[in-house]
Amino acid sequence: MTSEKILLLDGNSLAYRAFFALPLLSNEHGIHTNAVYGFTLMLQKIMEEENPTHMLVAFDAGKTTFRHSTFGEYKGGRQKTPPELSEQFPYVRKLIDAYGIKRYELEMYEADDIIGTLCKQADEKGQQVIVVSGDKDLTQLATENTTVYITRKGITDIEKYTPEHVEEKYGLTPLQIIDMKGLMGDASDNIPGVPGVGEKTAIKLLKEHGSVENLYQALGSVSGAKLKEKLMANEEQAKMSKVLATIETNAPIEVNVDDLTYNGPNMDEVTSIWKELSFKTLLEKSEHVTEEQTTSEVTFEILDEVKKSILKDKMAIHLEMFNEQYHTSELLGIALYDGEQSYFISGSLAFESADFCEWLGDESRRKYLVDSKAAQAVSRKHNVSLLGADFDLLLAAYIVNPSISSYDVSTMAKEFGNYDVLTDENVYGKGAKKATPNLDKLAEHAIRKAQAVWKLKPTLEKKLEENEQYALYKDIELPLASILGTMESDGVKVDVDVLKEMGVDLNQKLRAIEKDIYTLAGQEFNINSPKQLGVILFEKIGLTPLKKTKTGYSTAADVLEKLESEHEIISHILTYRTLGKLQSTYIEGLTKEIHGKDQKIHTRYQQALTTTGRLSSINPNLQNIPIRLEEGRKIRKAFVPSHPDWVMFAADYSQIELRVLAHMCEDEKLVDAFNHDMDIHTKTAMDVFHVGKEEVTSDMRRAAKAVNFGIVYGISDYGLSQSLNITRKEAATFIDQYLNSFPGVKDYMDDIVREAKHNGYVTTILKRRRYLPEITSSNFNLRSFAERTAMNTPIQGSAADIIKKAMIDMAKRLKDENLQTKMLLQVHDELIFEAPKEEIAILEKIVPEVMEGAIKLIVPLKVEYAYGPSWYDTK
DNA sequence: CTCTACCCT
DNA sequence: ACGACAGGGTAGAGT
């Protein structure tokens with residue numbers, strides 16, 4: 001016989017525990033979810049750890065139980081179950097059913113009694129049982145075969161009561177727990193016990209006499225007159241209390257242990273409940289663990305070569321890579337699907353076929369792809385240009401909803417109703433275990449992706465049309481993908497020697513500062529460890545901690561700056577941090593990313609990641625190369641043109657976000673300021689402080705600048721007070737003054753929040769959307785965040801729209817003018833090119849022209865540019 | 001893997 | 001009273 005393990009759960013008790021252990025969470029429909037959530041977490045954890053073969057969740061049925069006939073006031077005076085909890089019980093039950101777990105309740109009996117009865121049955125047969133509850137009373141059920149798990153604070157933290165553990169904790173046997181309850185009573189169940197006898201006395205008495213009955217027989221020998229008197233006066237009550245505390249082990253239940261077989265969950269049902277309740281974390285996790293997701297079968301052919309006859313005018317094609325770093329990753333194979341037939345060809349074999357390469361480069365033969373930028377980059381690596389990319393699943397899904405958490409094909413397919421793609425993790429494994437599966441499995445996986453692309457195309461295109469986003473998708477994102485791919489493949493040249501020299505210099509400086517710090521601290525320690533540093537500064541040296549983090553003292557730069565005058569060590573630490581950051585992230589980090597073949601860095605732009613429509617840059621991130629401080633800015637000297645006698649040419653939009661704001665809110669003064677090309681921060685200072693241009697001090701301008709930034713981000717007095725280092729009150733006054741000075745801005749902010757509440761989303765100039773379900777939340781934080789997002793996203797997102805359009809226009813213009821100039825980088829409001837010197841003159845004309853003309857606003861766009869022998873010199 | 005810190009627009 | 005300004009990426013420490 002296989003070893004059986006029976007898990008019995010006290011549903012009511014656990015739901016109560018979860019409810020009070022967790023904050024009152026609720027989903028977007030206002031249904032409270034904390035008890036269900038906590039219950040689920042606990043359930044998941046315990047099932048994973050115990051692997052039970054049998055399971056049951058017992059519930060209390062109704063208010064009256066057989067115990068009430070013994071004692072009418074049993075459980076009297078108990079608080080009514082809060083409605084926020086009651087409303088969750090149906091979900092708990094639904095969830096248990098979805099998990100395929102039996103549940104049971106019985107008129108007149110409590111969950112304890114059902115559990116007790118089943119325990120006894122199982123125990124008699126010698127079966128292993130685990131009881132889970134939040135109620136310590138159940139520890140009386142512990143036996144050699146039965147362990148009782150009681151939740152401690154929280155819900156997943158568990159204390160395991162074996163008879164030994166009971167003995168250890170109380171010095172009693174599990175059955176004596178009942179006697180203990182009889183003597184001491186239980187306030188929560190309104191069991192009286194003997195007044196004046198608490199846990200300590202009860203245990204002492206029971207150690208001596210063994211049970212309530214024996215105690216009363218030997219009452220004479222009890223020491224202490226007062227105690228004896230109390231016991232004597234309450235004999236009946238003590239005996240009744242013991243009866244009340246006794247869990248019934250012979251309840252007339254209609255289930256028996258064999259009915260409780262557990263066969264695993266119906267994950268579809270479980271996840272659909274999770275979805276209903278918005279359990280995002282669990283949903284995400286489940287995608288990683290789900291083992292058997294896929295259902296339908298696929299038939300396919302594995303080819304050794306690509307024949308012309310299989311290549312159609314419209315095909316889904318997927319290039320399966322080992323990892324997402326497609327510039328360096330191995331191409332594992334190519335899947336093709338024409339709506340009927342599926343093919344797979346291993347590795348880069350396909351590129352050996354002239355027919356295939358010709359088909360790939362034929363614009364009139366339409367390709368449907370998962371990620372056209374990656375596919376184009378890989379093709380380019382094989383010296384073929386992929387043309388005719390007609391559908392890009394990644395981009396389409398991103399435009400439809402930029403908040404989707406992950407853009408692997410499996411997730412996207414699921415999001416839009418196709419469940420037939422496995423996750424990459426599922427196929428390859430994760431972490432150190434990641435490996436390419438056998439050919440059949442690999443082919444099937446790739447083909448499922450190609451098929452998903454084919455099947456999802458109409459769904460997504462329809463959705464894009466409905467949302468009036470087809471143009472954004474087709475005329476902006478899709479062509480931009482090709483341009484970005486080219487920029488990535490072209491890469492930017494880096495002069496390693498410049499980095500190396502800086503590295504040596506930095507290293508020297510770091511060693512010196514390190515020594516100073518150790519001397520000042522009086523000991524050596526790891527300066528890079530905030531924990532160790534905190535101990536040194538705030539315990540050893542005795543500085544006053546101004547701020548704390550979750551885990552200890554905050555040693556963040558803004559905190560340390562305030563302490564700078566207190567001790568000499570602080571400024572050294574700040575310098576050490578600055579230089580250390582340059583060394584590790586930029587000198588060492590960038591050096592690692594230089595490709596040996598061409599001495600270039602090929603970053604990857606993530607085109608479907610940010611919720612606002614911006615790009616992001618990884619491996620490495622070239623959008624955060626230092627500029628603010630001169631020491632860091634020097635890093636830019638390493639970024640050079642890839643040909644001698646060429647220059648770096650950089651152009652950036654001036655105040656693009658504030659111009660977008662002016663366009664959208666149509667505030668008279670703001671629009672006017674840009675139409676007259678005024679210094680916007682000075683102008684703001686003039687209006688907010690009611691002074692003339694000449695009277696604006698540098699502090700006033702600085703404050704105005706911070707307010708302008710704040711406005712763009714969806715301002716709060718707290719945020720502004722932080723950036724200006726002023727009190728919240730002062731910040732609030734500033735904001736009020738600003739909004740009074742620019743009433744159009746105030747109206748815009750109010751309107752956009754109202755619009756977001758009404759539609760559930762906000763949009764940018766090119767109809768990019770961001771959904772904000774939390775805008776109606778009753779949780780202050782969630783709602784406030786959504787409100788700020790509503791104000792910020794149209795501004796940041798529209799600015800992103802503009803530069804994306806500019807990049808497309810720019811690429812076309814460079815081609816039309818037959819220039820050699822290459823667009824290399826995009827840094828949100830800035831484009832960086834490399835150009836032969838002869839082309840500088842024309843760039844000076846066309847770059848501003850194209851960028852400023854990308855999208856017409858009611859205020860002009862302004863572009864500034866500079867060029868020089870390195871990126872550093874483009875200032 | 002999470003946290004802290006710090007770099008950018 | 002509480003919370004605590006938008007969007008990102010990377011490195012190092014410590015669990």
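Just so you know, these numbers use all the heavy atoms, side chains as well, and skip hydrogens, waters and symmetry mates. Convention: sequence-line order gives letters A, B, ...; per-chain numbering from 1.
If you check dG14(C), dC8(B), dG7(C) against the side chain of Thr610(A), the one that comes closest is dG7(C). The side chain of Asn624(A) lies closest to dC8(B) when the candidates are dT9(B), dC6(B), dC8(B). Taking every side-chain heavy atom of Ile627(A) into account, dT9(B) is the closest of dT15(C), dG8(C), dT9(B). When distances are taken from the side chain of Val827(A) to each of dT9(B), dG8(C), dT10(C), the shortest belongs to dT9(B). Which of dT9(B), dG8(C), dA6(C) sits closest to the side chain of Asn792(A) comes down to dA6(C). Side chain of Lys581(A), nearest nucleotide from dA13(C), dC6(B), dC5(C): dC6(B). Distances were taken from every side-chain heavy atom of Thr551(A) (C-beta onward) to each of dA13(C), dT9(B), dT4(B); the shortest belongs to dT4(B). Taking every side-chain heavy atom of Pro530(A) into account, dT4(B) is the closest of dC8(B), dT4(B), dA6(C). For Ala556(A), whose side chain is taken as the heavy atoms from C-beta onward, the closest listed nucleotide among dA5(B), dC8(B), dA13(C) is dA5(B). With dG7(C), dC7(B), dC6(B) as the candidates, the nucleotide lying closest to the side chain of Arg577(A) is dC6(B).
Nucleic acid contact class of Thr555(A) (heavy atoms, under 4.0 Å, all strands): sugar-phosphate only. If you check every strand for non-hydrogen atoms under 4.0 Å, Ile618(A) touches sugar and phosphate atoms only. Asn619(A) comes within 4.0 angstrom of the backbone, heavy atoms only, and of no base. Among the heavy atoms of the strands, none lies under 4.0 Å from Asp652(A). In this structure, Ile625(A) reaches the sugar-phosphate backbone alone: every heavy-atom distance under 4.0 Å involves primed, P, OP1 or OP2 atoms, never a base. Across all strands shown, Ser554(A) has heavy atoms under 4.0 Å from sugar-phosphate atoms exclusively, and none from any base. Backbone-only contact: Thr585(A) has heavy atoms under 4.0 Å from sugar-phosphate atoms and none from a base. At a threshold of 4.0 angstrom between heavy atoms, the contacts of Arg633(A) with the nucleic acid are absent. Residue contacts for Leu720(A): at a heavy-atom cut-off of 4.0 Å it reaches a base atom on one of the strands shown. Here Tyr653(A) lies out of heavy-atom contact (under 4.0 Å) with every strand. As judged by a 4.0 angstrom heavy-atom cut-off over every strand, Ala799(A) is placed among residues making no nucleic acid contact.
Note: OH (Tyr398(A)) to P (dG7(C)) measures 12 Å, nearest angstrom. The CD1 atom of Ile752(A) sits 16 Å away from the P atom of dA6(C) (whole-angstrom rounding). Nucleotide dC5(C) holds its P atom 4 Å from the CZ atom of Arg788(A), rounded to whole Å. If you take CD of Glu657(A) and C1' of dA6(C), they are 8 Å apart, rounded to a whole angstrom. Distance CG (Leu590(A)) to P (dC8(B)): 13 Å, rounded to an integer number of Å. Distance, Gln623(A) CD to dA6(C) P: 19 Å, rounded to whole Å. For Lys550(A) and dT4(B), the NZ to P distance is 6 Å, given to the nearest whole Å. One can place CG of Asn708(A) at 17 Å from P of dT9(B), the figure rounded to the nearest angstrom.
Residues Glu488(A) and Tyr326(A) have side chains that bring a donor and an acceptor to within less than 3.5 angstrom of each other. Tyr553(A) and Glu539(A) are linked by a side-chain donor-acceptor pair at a separation below 3.5 angstrom, with hydrogens and angles left out of the test. No side-chain N or O of Ser721(A) forms a donor-acceptor pair with one of Arg728(A) less than 3.5 Å apart. With no hydrogens or angles considered, no side-chain donor-acceptor pair links Arg769(A) and Thr763(A) at under 3.5 Å. Inspection of the Arg783(A) and Asn779(A) side chains reveals no N or O donor paired with an N or O acceptor under 3.5 Å.
Taking side-chain N and O atoms only, Ser617(A) has no distance below 4.0 Å to OP1 or OP2 of dG9(C). For dG8(C), the OP1/OP2 oxygens have a side-chain nitrogen or oxygen of Thr611(A) closer than 4.0 Å. Between Ser784(A) and dA4(C), a side-chain N or O to OP1/OP2 separation shorter than 4.0 Å is absent. Look at Gln606(A) and you'll find a side-chain N or O under 4.0 angstrom from OP1 or OP2 of dG9(C). Contact between the side-chain N/O atoms of Ser616(A) and the OP1/OP2 oxygens of dG9(C) is found at a separation under 4.0 Å. Look at Arg628(A) and you'll find a side-chain N or O under 4.0 angstrom from OP1 or OP2 of dC8(B). Distances shown here put a side-chain N or O of Lys531(A) below 4.0 Å from the OP1 or OP2 atom of dT15(C). Between Gln796(A) and the phosphate of dG8(C), there is no side-chain N or O to OP1/OP2 separation shorter than 4.0 Å.
Scanning atom types as modelled, no donor and acceptor separated by under 3.5 angstrom connect the side chain of Arg614(A) and the base of dG8(C). Counting atom types as modelled, Thr549(A) pairs no side-chain N or O with a base atom of dC3(B) as donor and acceptor under 3.5 Å.
A distance of 10.5 Å separates CG in Leu480(A) from OH in Tyr605(A), rounded to the nearest 0.5 Å.
Between Arg754(A) and Asp750(A) there is no salt bridge, since none of the side-chain N atoms of the basic residue sits less than 4.0 Å from a carboxylate O of the acidic one. Salt-bridge formation is not detected for the pair Lys746(A)/Asp667(A): no Lys NZ or Arg NE/NH1/NH2 atom is positioned less than 4.0 Å from an Asp or Glu carboxylate oxygen.
The environment of CD in Glu324(A) is sparse: at most 12 heavy-atom neighbours from other residues, nucleotides or ligands sit within 6.0 Å.
When the C1' atom is used for both dC5(C) and dT9(B), the distance is 14 Å, rounded to whole Å. Taking atom P on both dA4(C) and dC3(B), the two are 15 Å apart, rounded to the nearest angstrom.
Summary of the strand contacts: Ser584(A) and Gln722(A) both lie near DNA chain C, and taking for each the nucleotide with the nearest heavy atom, the more 5' one is attributed to Gln722(A).
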